[in-house]
Enquirer: 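Just passing along the structure, written as structure tokens.
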Amino acid sequence: MSHCYRTTLVALLFLFRMEEKTVVLIVGAGPAGLATAACLTQLSIPYVIVEREDCSASLWRNRAYDRLKLHLAKEFCELPYMSYPAEAPTYIPKDQFIRYLDNYIERFNIQPKYYTNVKSSTYDQDKQCWFTLAHDMATSMVVRYTSRFLVVASGENSAENIPTIPGLNDFAGETIHSSRYKSGAAYSRKNVLVVGCGNSGMEIAYDLASHGANTAIVVRSPVHVVTKEIIRCGMTLVQRMPVETVDDLLVRMSNCVFGDLSRHGIVRPEKGPLLLKAKTGRSAVIDVGTIGLIKKGTIKVVGNISKIKGNIVEFEGTKASTFDVIVFATGYNSTANTWLKNGESMLNNDGLPKKEFPNHWKGANGIYCAGLAKRGLAGIAMDARNIANDILSSWH
């Protein structure tokens with residue numbers, strides 16, 4: 001083999017494979033990854049943060065509808081070591097939250113490696129470190145990261161979840177996931193069905209109806225409906241009172257505001273709103289005006305879909321209706337298990353923590369997860385602090 005050929009071969013191998021060592025590798029530059037990076041910075045712990053998209057917090061920047069605000073008051077939505085400006089509104093709009101994240105990145109000098117798609121992370125028992133292979137999409141190189149600790153911060157909202165419905169593939173109209181929904185302006189005078197009655201589904205239904213769409217919403221399971229003031233009161237009181245006592249008060253307050261919603265097809269769960277969130281991760285719906293439109297008949301509540309024929313949707317227990325558009329506000333799935341090869345000590349088959357909150361964030365062999373406990377931004381802040389402090393004690 002000639003010297004020239006060997007030199008060319010070595011150069012090509014270098015192009016397709018690089019090595020990088022760090023103490024901590026963070027996978028994901030959403031709020032959870034950014035919060036963890038900031039906490040590590042405060043403790044002078046070296047880290048690398050990688051992100052498959054071309055920006056931080058891509059869910060907020062690219063996959064959130066226009067009218068979105070943080071559903072909880074700002075005091076429950078701060079990341080570690082940085083408060084919102086005093087003049088910020090109590091409920092932060094999407095654009096202001098993105099500016100907050102940009103300022104957070106600048107303050108803590110966080111430098112995510114964008115366009116870096118993790119393909120696999122494997123723990124080496126002999127060398128006691130994590131080997132992570134990632135594709136740098138900007139250069140087409142493969143990078144192998146070696147780290148003592150690995151933080152899974154790729155989010156619980158990674159991949160769109162659309163339920164299996166007979167006939168859906170042959171639906172004659174348009175189907176869209178809530179991650180691609182922006183505004184109801186494009187759907188004026190169209191018949192639109194929203195599937196999913198969480199906060200996104202209820203707010204999208206309101207937005208559609210406000211723009212003149214003939215709107216119906218599928219309510220498949222019991223759900224708590226509260227006002228933003230009621231849930232703020234509850235989250236303040238629960239720091240000083242038993243959750244059952246606070247829940248009882250919240251239900252009574254909600255009943256005073258909304259009355260009996262069962263005649264409109266909305267039934268409350270047996271567990272109170274705060275206890276239900278703690279046990280299952282399911283949030284109460286914070287009403288933005290949807291309930292008023294349901295009571296007026298502007299938005300129709302329908303049962304579970306049984307099947308679809310063409311553009312006709314059949315429901316369990318109610319008449320079939322014709323729709324032009326179906327919006328799926330049916331949440332997301334974690335994708336962590338598609339690349340994490342030795343995470344069974346921490347994550348279940350759905351890519352979510354095996355252990356219950358607040359002991360969910362740590363696995364074996366230096367692996368952690370941030371933002372997977374369905375506890376919102378307050379939960380993310382707790383995870384980030386716990387992870388950084390634990391890494392500090394283990395590292396030294």
Side-chain angles (χ1 to χ4, degrees), residues 58-59 62-68 71 94 156-223 225 261-267 282-283 285-333 335 350:
S58 62
L59 179 67
N62 303 328
R63 293 184 283 162
Y65 46 92
D66 293 343
R67 61 171 289 120
L68 178 64
H71 291 124
K94 177 183 75 169
E156 58 197 17
N157 299 329
S158 296
E160 299 174 0
N161 175 51
I162 294 182
T164 301
I165 300 172
L168 176 59
N169 292 336
D170 299 320
F171 177 62
E174 175 189 356
T175 60
I176 181 174
H177 188 269
S178 59
S179 62
R180 290 178 283 121
Y181 177 91
K182 295 298 179 184
S183 168
Y187 302 103
S188 179
R189 293 190 295 277
K190 291 187 177 181
N191 297 327
V192 185
L193 176 65
V194 179
V195 181
C197 61
N199 277 296
S200 293
M202 286 288 202
E203 189 161 2
I204 287 172
Y206 176 83
D207 188 57
L208 285 163
S210 298
H211 282 93
N214 301 314
T215 309
I217 185 168
V218 173
V219 178
R220 297 177 291 177
S221 54
V223 61
V225 181
L261 295 178
S262 61
R263 60 188 178 136
H264 299 287
I266 300 173
V267 179
R282 288 174 53 201
S283 298
V285 168
I286 300 173
D287 183 52
V288 295
T290 313
I291 298 302
L293 296 184
I294 288 173
K295 289 180 175 180
K296 290 178 182 177
T298 306
I299 298 174
K300 295 181 175 131
V301 173
V302 294
N304 201 22
I305 300 172
S306 57
K307 60 184 174 181
I308 298 173
K309 292 181 179 179
N311 61 351
I312 299 173
V313 180
E314 297 183 12
F315 302 97
E316 296 175 0
T318 56
K319 293 181 180 179
S321 297
T322 300
F323 291 96
D324 304 303
V325 183
I326 301 177
V327 181
F328 287 96
T330 43
Y332 299 83
N333 294 320
T335 59
D350 295 324

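A quick note: this is a predicted structure, and the numbers were derived from the prediction, not measured.
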Enquirer: Looking at Leu293 and Ala209, what are the two nearest heavy atoms and their distance?
Expert: CD1-CB, 3.9 Å
Enquirer: Show your working on side chain to side chain contact (heavy atoms under 4.5 Å, CB included) between His71 and Ser283 and close with a plain yes or no.
Expert: CA-CA 10 Å; His71 291 124; Ser283 298; over 6 Å; no
Enquirer: Just wondering, more than 12 heavy atoms not from Lys300 lying within 6.0 Å of its NZ?
Expert: no
Enquirer: So Ile294 and Ile266, do their side chains get closer than 4.5 Å, heavy atoms only?
Expert: yes
Enquirer: With heavy-atom distances below 4.5 Å as the criterion, would you say the side chains of Leu168 and Ile162 are in contact?
Expert: yes
Enquirer: Of the non-hydrogen atoms in Gly184 and Asp207, which two are nearest, and what is the gap between them?
Expert: N-OD2, 2.8 Å
Enquirer: Please enumerate all residues that pass side-chain hydrogen bond (donor to acceptor under 3.5 Å, both in side chains) together with Arg220, with sequence neighbours excluded.
Expert: none
Enquirer: Taking the side chain as everything from C-beta on, heavy atoms only, tell me whether Phe315 gets closer than 4.5 Å to Val218.
Expert: yes
Enquirer: Over all heavy atoms of both residues, which pair between Ala329 and Val194 is shortest? Give the atoms and the distance, please.
Expert: CB-CG1, 4.5 Å
Enquirer: Residues in side chain to side chain contact (heavy atoms under 4.5 Å, CB included) with Ala185, at least two apart?
Expert: Ser183, His211
Enquirer: Using a 3.5 Å distance criterion without hydrogens, assess whether the side chain of Thr330 forms a donor-acceptor pair with backbone atoms of Gly196.
Expert: no
Enquirer: Got a donor-acceptor contact below 3.5 angstrom from the Asp350 side chain to the Asn333 backbone?
Expert: no
Enquirer: Could you pull out all residues at least two apart from Asn214 that satisfy side-chain hydrogen bond (donor to acceptor under 3.5 Å, both in side chains)?
Expert: Asn191
Enquirer: Let me confirm one number: the CG-OG distance from Leu68 to Ser200, rounded to the nearest 0.5 Å.
Expert: 7.0 Å
Enquirer: Any side-chain heavy atom of Ile286 sitting closer than 4.5 Å to one from Asn199?
Expert: yes
Enquirer: With side chain to side chain contact (heavy atoms under 4.5 Å, CB included) as the test, would you mind laying out the steps for Phe328 and Ile165 before giving the verdict?
Expert: CA-CA 12 Å; Phe328 287 96; Ile165 300 172; 3.9 Å; yes
Enquirer: Taking ring-ring contact (aromatic ring centres under 6.0 Å, His included) as the cut-off, I'd like each qualifying pair that reaches into residues 156-179, sequence neighbours left out, listed once.
Expert: His177-Tyr332
Enquirer: Quickly, which of Asp324, Leu208, Ile305 forms a side-chain contact (heavy atoms from CB on, under 4.5 Å) with Leu193? Name it, please.
Expert: Ile305
Enquirer: Counting neighbours of NZ on Lys295 that are heavy atoms of other residues, nucleotides or ligands and sit closer than 6.0 Å, is the number greater than 12?
Expert: yes
Enquirer: Determine whether more than 12 heavy atoms belonging to other residues, nucleotides or ligands lie under 6.0 Å from atom NZ of Lys182.
Expert: yes
Enquirer: Does Met202 reach the side chain of Ile217, with side-chain heavy atoms less than 4.5 Å apart?
Expert: yes
Enquirer: Taking side chain to side chain contact (heavy atoms under 4.5 Å, CB included) as the definition, give me every residue that meets it alongside Ser262, ordered by chain and number, with sequence neighbours left out.
Expert: Asp260, Val267
Enquirer: Which pair of non-hydrogen atoms, one from Ser221 and one from Cys197, has the smallest distance, and what is that distance?
Expert: O-SG, 4.3 Å
Enquirer: Starting at CD of Glu203, measure out to OG of Ser210 and round the result to the nearest 0.5 Å.
Expert: 10.0 Å
Enquirer: Walk me through it: do Val225 and Thr290 pass the test side chain to side chain contact (heavy atoms under 4.5 Å, CB included)?
Expert: CA-CA 10 Å; Val225 181; Thr290 313; over 6 Å; no
Enquirer: Counting N and O atoms only, with roles assigned by atom type, does the side chain of Lys190 sit under 3.5 Å from a partner on the main chain of Val325, one being a donor and the other an acceptor?
Expert: no
Enquirer: Specify the closest pair of heavy atoms between Lys94 and Ala64, including all atoms of both residues, with the distance to one decimal.
Expert: NZ-O, 3.3 Å
Enquirer: What do the steps show when you test Ser178 against Ile204 for side chain to side chain contact (heavy atoms under 4.5 Å, CB included), and what is the final call?
Expert: CA-CA 8 Å; Ser178 59; Ile204 287 172; 3.7 Å; yes
Enquirer: List the residues meeting side-chain hydrogen bond (donor to acceptor under 3.5 Å, both in side chains) with Tyr187, not counting sequence neighbours, and say none if there are none.
Expert: Glu174
